[in-house]
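Whatever order the structure lists ligands and atoms in, that order sets their numbers, starting from 1. What you see is a predicted model; the values in this text were computed from it and never measured. Below, each value reflects all heavy atoms present in this structure, side chains not excepted, and no hydrogens, waters or symmetry copies.
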Amino acid sequence: MKKRVFSGIQPTGILHIGNYMGAIKNWVSLIDSHDCIFCIVDLHAITVPYEPGDMQARIHDTAVGYIASGVDPARCTIFVQSDVPEHAELTWYFNTVIPVAYLERMTQFKDKSAQFHENITMGLLDYPVLQAADILLYKADVVPVGEDQAQHLELTRDIARKFNNMYGSTFPEPRTLIGSAARVVGLDGQAKMSKTLNNYIAITETPEEIGKKLSVAMTDPARKRRSDSGNPDICNIYMLHTLFTPGGQQRSVAAGCRSAGVGCLDCKKILAEAISTELKPIRERYEKIKNDRDLIRSVLDQGAQRCRAMAQETIREVKGKMGLLR
Ligand code: AQP
């Protein structure tokens with residue numbers, strides 16, 4: 001039996017190189033060795049203000065982005081969270097085992113509460129419980145995510161443990177799998193690269209667009225003139241080189257920055273080329289399938305069908321243990 005992998009991304013905008021390097025590339029590496037389930041988590045995306053009229057287009061674009069990035073639907077399961085109502089049902093059962101104080105401690109809740117302080121919803125507080133339900137509904141063994149999700153995964157294990165203690169052994173404690181690109185910083189050089197912060201390079205951007213965005217991106221702030229030597233260790237552009245640029249070229253960029261032999265503009269041009277090379281096949285696949293509504297519908301329908309059957313089985317077991325099954 002293959003171990004099961006579960007992970008997901010919110011349909012909050014076009015996928016960016018942070019999502020790709022932090023999560024999706026890892027997903028693709030597990031696709032043949034594991035039973036992989038990849039979700040488009042629309043119920044999470046409605047925990048902050050959003051435009052309902054855009055939601056279906058965003059779900060479509062996210063599915064296209066997954067497939068274009070190498071998440072081959074013939075070798076894994078892709079589905080939309082709200083197509084399987086059992087996610088919300090299991091969340092409710094978990095709400096009865098997890099103390100509110102655990103949720104109030106979550107860093108993402110604190111950050112998003114500050115960002116959306118005019119209406120901090122119950123859904124925003126409950127976000128990590130829904131995430132735990134996503135993962136445990138399928139009894140996943142491994143969850144590949146970026147570093148920002150590590151705290152939520154710890155909470156998922158807490159919930160599994162508490163449920164098992166209260167009602168008997170039911171859920172495994174899933175392992176967090178964080179890849180080498182644990183936290184890709186945005187082009188502002190400060191915050192995590194993020195769809196809503198608009199500090200990203202999308203996986204579909206052309207070499208020209210990538211070059212333009214990089215040309216105004218933050219570098220080592222202490223390097224003011226071309227003749228100043230720079231410090232690649234604190235430069236966000238160099239961090240991106242470590243993810244995209246081949247080793248030899250990467251080392252010569254770092255040495256050139258330290259000796260002031262390579263200026264920031266040249267360094268950014270090399271990076272733009274390296275990112276464009278990595279994204280080229282993704283962009284080409286994206287263009288090829290982006291209007292194929294039948295393909296996307298059939299992938300998501302098949303995924304929902306498989307997941308619904310698995311989810312119903314877990315819910316039956318949970319209801320039985322909680323004394324809710326007639
Ligand atoms: N900058 C990042 N570096 C590494 N990993 C990242 N991930 C996101 N940004 C980075 C990983 O991508 C997966 C899905 O993220 P999500 O869309 O569900 O939510 P998010 O983490 O909040 O991503 P965004 O882009 O920041 O979305 P918005 O702006 O809508 O909140 C996760 O595995 C995450 O770790």
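Under a 4.0 angstrom heavy-atom cut-off, Lys112 registers as being in contact with ligand 1.
Checked by atom type and distance alone, the side chain of His16 pairs as donor or acceptor with a backbone atom of Gly18 at under 3.5 Å.
Across Ile178, Leu243, Thr196, Ile9, heavy-atom proximity to atom 28 (P) of ligand 1 is greatest for Thr196. Considering each of Val41, Val184, Asn198, the one bringing a non-hydrogen atom nearest atom 3 (N) of ligand 1 is Val184. Of the listed residues (Lys192, Met193, Gln10), the one carrying the non-hydrogen atom nearest atom 23 (O) of ligand 1 is Lys192.
At a heavy-atom cutoff of 4.0 Å, ligand 1 is contacted by the backbone of Arg183 but not by its side chain. Neither the backbone nor the side chain of Gln108 has a heavy atom within less than 4.0 Å of ligand 1. Contacts between Ser194 and ligand 1 below 4.0 angstrom, taking non-hydrogen atoms only, involve backbone and side chain alike. Counting heavy atoms closer than 4.0 Å to ligand 1, residue Asp148 contributes side-chain atoms (C-beta onward) but none from N, CA, C or O.
Under a 4.0 Å criterion applied to the non-hydrogen atoms of Gly146, ligand 1 contributes the atoms 5 (N), 33 (O), 34 (C), 35 (O). Atoms of ligand 1 found under 4.0 Å from any heavy atom of Gly8, numbered from 1 in the order shown, are 14 (C). Set against the non-hydrogen atoms of Gly22, the atoms of ligand 1 under 4.0 Å away are 4 (C), 5 (N). Atoms of ligand 1 found under 4.0 Å from any heavy atom of Ala182 (numbered from 1 in listed order, with element): 4 (C). The atoms of ligand 1 that sit less than 4.0 Å from any heavy atom of Ala181 are 4 (C). Those atoms of ligand 1 with a heavy atom of Ala23 less than 4.0 angstrom away are 12 (O), 13 (C), 33 (O).
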Criterion salt bridge (Lys or Arg N to Asp or Glu O under 4.0 Å) on Arg297 and Asp294, from CA distance to verdict: CA-CA 5 Å; Arg297 187 177 298 259; Asp294 291 344; 5.4 Å; no
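A pairwise comparison of heavy atoms in Leu300 and Ile59 identifies CD1-CG2, 4.3 Å as the closest pair. When all heavy atoms of Met55 and Asp42 are compared, the pair lying nearest together is CE-O, 4.2 Å. Pairing each heavy atom of Ala191 with each of Asn199, the nearest pair is O-ND2, 3.8 Å. Looking at every heavy atom in both residues, Ala63 comes nearest to Ile296 through CB-CG2, 3.7 Å.
Within the 4.5 Å cutoff, side-chain heavy atoms of Val184 are placed close to those of Leu240.
Relative orientation of the His152 and Tyr127 rings is tilted, given thresholds of 30° and 60° on the angle between their planes.
At a cut-off of 3.5 Å, with distance as the only test, a side-chain donor of Arg157 or Thr176 sits close to an acceptor on the other residue.
The local environment of NZ in Lys3 is sparse, with at most 12 non-hydrogen atoms from other residues, nucleotides or ligands closer than 6.0 Å.
Geometrically, ligand 1 and Val145 share no nitrogen or oxygen pair separated by less than 3.5 Å. The shortest N/O to N/O separation between Ser7 and ligand 1 does not fall below 3.5 Å.
The protein heavy-atom contact nearest to atom 25 (O) of ligand 1 is His16 NE2, 2.7 Å. At the top of the distance list for atom 6 (C) of ligand 1, counting protein heavy atoms only, stands Gly18 O, 3.5 Å. For atom 27 (O) of ligand 1, the closest heavy atom belonging to the protein is Lys195 NZ, 3.2 Å. Asn19 ND2, 3.2 Å is the protein heavy atom nearest to atom 12 (O) of ligand 1. Annotation: atom 30 (O) of ligand 1 to nearest protein heavy atom, Thr12 OG1, 2.7 Å.
Between Tyr93 and Tyr167, a ring centre-to-centre spacing not shorter than 6.0 Å is recorded. Ring-centre distance between His87 and Tyr138: below the 6.0 Å cut-off.
Cluster annotation: Leu103 and Ile159 are assigned to the same hydrophobic cluster (Ile/Leu/Val/Met/Phe/Trp/Tyr, side-chain heavy-atom contacts under 4.5 Å, transitive).
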